[in-house]
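Everything on this sheet refers to the single structure shown next.
These numbers come from a predicted model, not from an experiment. Numbers restart at 1 for each chain; the letters A, B, ... are given by sequence-line order, proteins then strands.
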Amino acid sequence: MRGRDVTLAAPLLAAEGLGKSFAGIVALENVSLRVDYGERVGLIGPNGAGKTTLFNCIHGMLVPDSGTVSLAGHDISKLPVHLRARRGIGRTFQRIELFPDSTVRDHLVIADRVRHGEKRFWLDVRRHGTPRPDEMQRSDEMLALFGLSELADEPIERLSLGQCRLVEVARALMTKPRLLLLDEPSSGLDRAEAAALASTLFDVQQRQGVAILLVEHDIELVARFTTRCYLLEAGRLLRAGPTAEVMASDEMRAAYLGSLPVPT
Amino acid sequence: MFANIGEDIVTAVLQGAPPGTVYALVALGFVLAYKTSGVFNLAFGAQAYASAVLYFKTHAEWGWPVLPSLAVSVFVLAPLVGFLLESLIFRHLRTAPPVSSLVVAIGLTIAIPSIVDLALDFQPRNGQIPLGIVPNGNSVYYPVFDLYSFSRDELMAMGVATAAMLALAAMFRFTMVGLKMRAVVESPRLTELNGLAADRISISAWMLSSLFAGLAGVLIAPRFPTLAPGRFFDIVVVAIAAAAVGALVSLPRAYIGGLALGVAIALFNTFIPRWANDHSWLRPMQNNITPALPFVVLFLVLVFMPGLRRARFAADPLAGVDPPPRSTVIPAPISASEIVRRTLGTTLLVVTLIVLFTRGDSAFLYLAGQGAALAVVYLSITIITGLAGHISLCQGSFAAVGAFTTYQLAARYDTSVLVGAVAGALVAAAVGALLSVPLIRLSGVWIAIATLAFAFFFDAVMVKFSWTGAPSGVATGDLVVPRPVIGPWDMASDKSFLAFLLAVLAIATVAVMLLSRSTTGRMLRATRGSEIAAQSIGISPTRARVLAFSLAAGLAGLGGALLVIQQESVNYDTNFAPFAALFWLVLVVTFGARAPEGAIAGAATFTLFDKVVLQGTFIGWLLRSPDRVPGLLPVSPKWRLVLFGLGTIQYASHPEGVLEMARARRNRRRAEDDDHDDDHVELALEASV
């Protein structure tokens, strides 16, 4: 029982004292970060601040030199990417990573099947590998949520960049993650598309209750979408707190505009 | 005692220098092609073969003096080949993934030697010893310290290779042309934006590299007892091992790597026999390990050198301006036309089978049986390449594992060959799983090269053990394998065994189709599409790769076993040798690796195309009389290699192969979709190839 209490008390994601350097260049230095259940958290900073490095350390693509990452109180620092995914970390990619030669529905069905990874050899043989009614239903619901129902059987090569981003998020959500990592979801989109994506994401987040950690260049998007955010510069955490506070801070101005001489 | 050892070492070094320089020479040429075009040019050996054959033809057969022969074969033919390859093929593949150009290069490895043989009416024969470029090159010797005598050919090859290396390095470092060439590799488009004609630079780079291939070919030829394309391919694989030491981009290191390999082999040759006197377990290694050394080195370098592993292929920063790849998802067919098509197809198949079983003569039955067994092997390529997206060049070795297991069980323990075939499939699957483990961290082209190294290692070492392949002194063709008997059903006749093979093939086909649609198939396809995205939804990349390799190896093992039962003996060299097995991949990829039809059509082509089409049997049957067949026929079976070798060229734009491409196009046309954009993209793609 005690173990469970500890689990409940722990935040969803806790990164403690992460450090990482590449060939002598310090990319991250003693960075700690926390995301609670159902929270929307932003991660901002100028180019080269270490956002992506931090992100990849959390996701498992990079192994940090120091520090730990834990999910719901369990240390996941040593787990490979796919096992972290099974424990409930979903993600999207800055450069779209979809499966070529597959339809939109294929993307959702495969994610759903990995999530319900039961032994399904004979089921596949019996059904020739076609999706079961419940799989169809779950993927239909997800498609509807993202307004992709019309595109269900389209090969992803025919989709626009914005639609591809939605498919990425939908695929990640099909694995029922507790934490969704969004890597620059607005990159390559214009203002209107980015706004549409943000409102869809907001909708989905409200319904699914998933926590989101957002790395984003578009400060406006972060300001509207997140409640709390972390400001990173040169591998160090400059400031953390409610988004509005961080946005208005001197550190923020300094990080993005450089420190200006104070007029006397 | 120590003086002796020192003397031995010096002797070995001297002895190793000539072959070492030869390796260095080819390694240089290979690195040059790679450095200037980004293409992993396995066809380098075929280019070398072309010049070597022309030199032999003009100098030895037509009696031309050395200089004109050399000029025509090395300074005219070789650059011409390079010009044609670049302008007709590789220019259009510059933004294609490296694996695509590798597949095309493999196709050219098959096609070019046959084109050369056909054009020059050349037939590799025993006893036609290639000549060097100096008179009496192989009979005049110069002793050094009374330890080793260099022949004039050897000295000449060493001198030319060293000079070429220095010239190349100087060109890359100090000349404008070298700088431009390096720029084109990085990004042809960016180079053009800077006002340089990328096409012209790229062409000169290819011509230069091809000149090197020609030079290497002519210089190397005297080392071979006869001119055969396979030997030139072997030497390229050795050269890749040498070049891998320099991470494939350093010319001096490639040169040193080549020399080091030659010397290491000579050292092995000197010392292992001595140790073998004291340690009897070394004796079988003595003959096997030494020739396999380059492949072992190559494999180890690939697996353990992280720098090479992570070396990214030149990715064009402007690749994004290309139209997106055309989807290979086949549009849903109109149901009526699909029913008609299926009915027609089934009828045709049934009629063919009835004709084959009632009217086919023994030759046809034999070839059809061989085709059915090979089709099972080819289905393994459908799994590993079509489904999992890896280019495996060791499917021949997996098939041989199945074949040898069947033979050994039948010969030693009198086991039924059918049990042997199943056991062979299982052993092959285990070998495949084991092999996949060190390859986990490799990707794309590196997997292809590592599997090629394994295939050559298997060829040089494993085949020669008495517990795998041939007992010493017995050619593998003499390993007799009986036909099976199931209860009252004796399959001694080709006809009855063909029926059995077709049944197995049908089961294997259905199994592959089910696999492709199953959850496992979807996972493999997802991992093929984007490994990191597949991981991010919880798919284990390790598991996917081990699974793909063991399934494919198992199926290849089963097919190999069936093939030797059908042929009633193990013909390792004709059936399973690495160079022979290259053509398998070429056929399956040309027809289509994504669906079983491609494998079946490929196998049918392999065994029947020559008999049915090239020898004019089909046209004779159409014209109702063999006498009316036009005099053009029969044509050489080498056309098969030319046609399908060149067929791989479409792989870059249509990785799904000709069969699916045709079907997708038909469906799209029938659907009369007013999606004109798609047509535009397709037209643009076709125009660019």
Side-chain angles (χ1 to χ4, degrees), chain A residues 56 59-61 80-93 95-103 106-121 123-131 153-159 161 164 168 171-175 177 181 188, chain B residues 97 315 319-320 323-332 386-387 389 440 510-544 547 593-595 654-656 660 664 668 673 675 677-678 681-682 685:
Chain A
N56 286 337
H59 185 236
M61 278 166 77
V81 173
H82 71 276
L83 291 183
R84 296 189 195 201
R86 289 195 196 168
R87 292 212 169 190
I89 299 185
R91 84 167 282 181
T92 67
F93 298 84
R95 224 196 73 212
I96 301 266
E97 292 280 353
L98 289 170
F99 309 133
D101 309 321
S102 310
T103 63
D106 287 339
H107 282 78
L108 303 192
V109 168
I110 180 68
D112 188 60
R113 284 196 185 166
V114 179
R115 150 94 189 156
H116 298 92
E118 74 260 44
K119 297 280 170 237
R120 44 175 308 138
F121 179 73
L123 198 66
D124 278 350
V125 171
R126 276 214 318 275
R127 299 190 49 88
H128 303 231
T130 51
D153 297 315
E154 286 290 318
I156 50 106
E157 284 85 352
R158 293 206 190 180
L159 270 53
L161 186 67
C164 285
E168 267 202 332
R171 177 183 65 192
L173 284 177
M174 278 310 265
T175 64
L181 306 174
Chain B
R326 203 178 37 86
S327 165
T328 51
V329 175
I330 298 182
L387 197 54
I440 292 286
V510 171
V512 170
M513 285 166 89
L514 283 178
L515 173 72
S516 162
R517 292 187 198 166
S518 71
T519 305
T520 307
R522 281 169 189 262
M523 285 185 186
L524 291 179
R525 223 173 301 133
T527 311
R528 174 186 83 197
S530 165
E531 189 164 308
I532 182 62
Q535 275 174 286
S536 82
I537 58 170
I539 297 172
S540 160
T542 311
R543 185 167 168 268
L547 201 63
R594 300 272 171 91
H654 290 285
E656 76 276 24
E660 274 197 30
R668 207 169 291 145
D673 211 323
D675 201 338
D677 295 344
D678 193 48
V681 171
E682 198 176 316
L685 271 177

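- The candidate with the highest count of non-hydrogen atom pairs below 4.5 Å against chain B, out of A:Met174, A:Arg91, A:Arg171, A:His107, is A:Arg171.
- In this structure, the separation between CE on A:Met61 and CD on B:Gln535 is 8.0 Å, given to the nearest 0.5 Å.
- Taking A:Arg84 as the reference, nothing meets the salt bridge (Lys or Arg N to Asp or Glu O under 4.0 Å) condition, with sequence neighbours excluded.
- Interatomic distance, CZ of A:Phe93 versus OG of B:Ser530, reported as 6.0 Å (0.5 Å rounding).
- At a 4.5 Å heavy-atom cutoff, A:Leu83 makes no contact with chain B through either its backbone or its side chain.
- Side chains of B:Thr519 and A:Arg113: a donor-acceptor N/O pair is present below 3.5 angstrom, by distance only.
- The distance from the OG1 atom of A:Thr175 to the CD1 atom of B:Ile539 is 11.0 Å, given to the nearest 0.5 Å.
- Heavy atoms closer than 4.5 Å to chain B are found in the backbone of A:Leu98, but not in its side chain.
- Neither the backbone nor the side chain of B:Ala511 comes within contact range of chain A; no heavy atoms are under 4.5 Å apart.
- Comparing B:Arg522, B:Arg517, B:Met523 by heavy-atom pairs within less than 4.5 Å of chain A, the highest count is held by B:Arg522.
- Of all non-hydrogen atoms in B:Gly529 and A:Pro100, the two that sit nearest each other are CA-CD, 3.3 Å.
- With salt bridges taken as basic N to acidic carboxylate O contacts below 4.0 Å, none links B:Arg525 and A:Asp106.
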(request) Would you check, one step at a time, whether the test side chain to side chain contact (heavy atoms under 4.5 Å, CB included) holds for A:His82 with B:Thr542? (result) CA-CA 10 Å; A:His82 71 276; B:Thr542 311; 5.7 Å; no
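- Here the closest heavy-atom approach between residue A:Ala85 and residue B:Gly538 is recorded as CB-N, 3.5 Å.
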